[in-house]
2 protein chains.
Amino acid sequence: MELTNKQQEVLMYIRKMIRDGLPPTIREIASEFGFSSTGTVRDYLTALCKKGYILLEEKKSRAIELTEKAMLTIPILGCVPAGVPVLAIENVEDYFNVDKLFAQKDELFFLRVEGDSMIDAGIMPDDLVLVKKQPCAQDRDIVVCRVDGEVTVKILRSRENKFFLEPANKNYSIISLNERSQIIGKVITAIRKYV
Amino acid sequence: MELTNKQQEVLMYIRKMIRDGLPPTIREIASEFGFSSTGTVRDYLTALCKKGYILLEEKKSRAIELTEKAMLTIPILGCVPAGVPVLAIENVEDYFNVDKLFAQKDELFFLRVEGDSMIDAGIMPDDLVLVKKQPCAQDRDIVVCRVDGEVTVKILRSRENKFFLEPANKNYSIISLNERSQIIGKVITAIRKYV
DNA sequence: TGACATCCCACACAAATGTGTGGTATTATT
DNA sequence: AATAATACCACACATTTGTGTGGGATGTCA
């Protein structure tokens, strides 16, 4: 079911308020759009609810929850045709769920990457890699490993029950894993911040 | 100023509620901890406020905001010497403030990168770039631009008052910005998720 | 000893807030 | 022509909610 223009405006406002920290009250929505009646807002909320964009909890103030469809996340856009407002809801390909990515059930840490040994895999010096602590990994996983006292980020390869660390840079050579080597964790995300 | 154990528990609960979508009301906090008086909760809130962990807005329901101090952070490690536990506090170089990165008030969106024209800058196909919407940018900024109906990610270059879009891949050529071109925003972060 | 913070309580009050019932007008669909 | 959805309005009511005022017990620090 499609949203009308007005309904989309109301949804956008609710999303903005939620991202700023607090879902709005019914009267705050009314005031934003110049409605003089709370009933008007309720019409919008029930419409958005029926169309599956929000969830409402009864008798609780500000209890407006965005569904997956319009979630409290940052929109991911695919290609955007010319002349269309960039942030229109129709362009949204998916939503980036921050909480899911950074849910702290596992032991996570960031490691700042030194050197260019993973540059062909798009991991540059000074990038941050989000590492999930685990003692083992699978073939082709990007892992953080301690070898002879040094910590490196490499691609884990297994051939004939032997493990190797493969760099993503032709100027570096493959390292064999020995008994003193230890897998610290697996890289699950790479992040680079531009100033 | 340090938090007491009880104050920490209350702060944790508030953080959990905020991440779940709604900051709690005073009476919800009271009920969670078995307090029979709202005054008790107010004592905690004013204490947390005075110690700089939360901000309170008067006369608004659920208006509890976390300060930077109280936000979720993941440790960033630099190089880790041999024999030392990886997550020891001494190794922490900085903290990555998740809430801060994604709680910006500016208009942000992610764009999924198509093609390999930025591969030498470490931006690979299917990476997500976090874009801050803005109509102009500076020399060497990585920008999202609309040129002749297509949206591309490129490096913005300015020479002698003319603007160009420079790819980070020798197989592509430089594009001149014309009147029908439009800068949509500036790339502030690149993210790649590994499965 | 006094001052202060912490950690609890009771109770009252006004404002904020969600809800309920009723209405009108327009437009699109059947 | 009838039905439904949309887009507004007014007003009343009960509950939720923040706030205010008062209190007590304990511990710490100067």
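Order of the sequence lines sets the chain letters (A, B, ...), proteins ahead of strands, with each chain counted from 1.
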Is a side-chain donor or acceptor of B/S181 paired with a backbone partner of B/V147 at a separation under 3.5 angstrom? no
Short side-chain to backbone donor-acceptor contact, A/R62 and B/S61, under 3.5 Å: yes
Is it true that A/K6 and A/E9 have a side-chain N and a carboxylate O under 4.0 angstrom from each other? no
State plainly whether the residues B/R159 and B/E166 are in salt-bridge range, i.e. N to O under 4.0 Å. yes
[X] side-chain N/O to [N] phosphate OP1/OP2 under 4.0 Å:
{"X": "B/T4", "N": "C/dC7", "result": "yes"}
{"X": "A/Y44", "N": "D/dT6", "result": "no"}
{"X": "B/Q7", "N": "C/dA5", "result": "no"}

Should we say atom CG of B/N178 is surrounded by more than 12 heavy atoms from elsewhere, each under 6.0 Å from it? yes
What nucleotide, of C/dT6, D/dC8, D/dT6, holds the atom closest to the side chain of A/K6? D/dC8
Among pairs that include at least one residue of residues 122-131 of chain B, which meet salt bridge (Lys or Arg N to Asp or Glu O under 4.0 Å), considering only residues two or more places apart or in two chains? B/D127-B/R192
For B/T40, answer base if it contacts any base atom (sugar-phosphate contacts may also be present), sugar-phosphate if it contacts only those atoms, and nothing otherwise; contact means non-hydrogen atoms under 4.0 Å. base
Check nucleotides 11-17 of chain D against the protein and report each pair of N or O atoms closer than 3.5 Å, with its distance, or say if there are none.
residue: D/dT17; atom: OP1; partner: A/S61; partner atom: N; Å: 3.4
residue: D/dT17; atom: OP1; partner: A/S61; partner atom: OG; Å: 3.3
residue: D/dT17; atom: OP1; partner: B/R62; partner atom: NH2; Å: 3.1

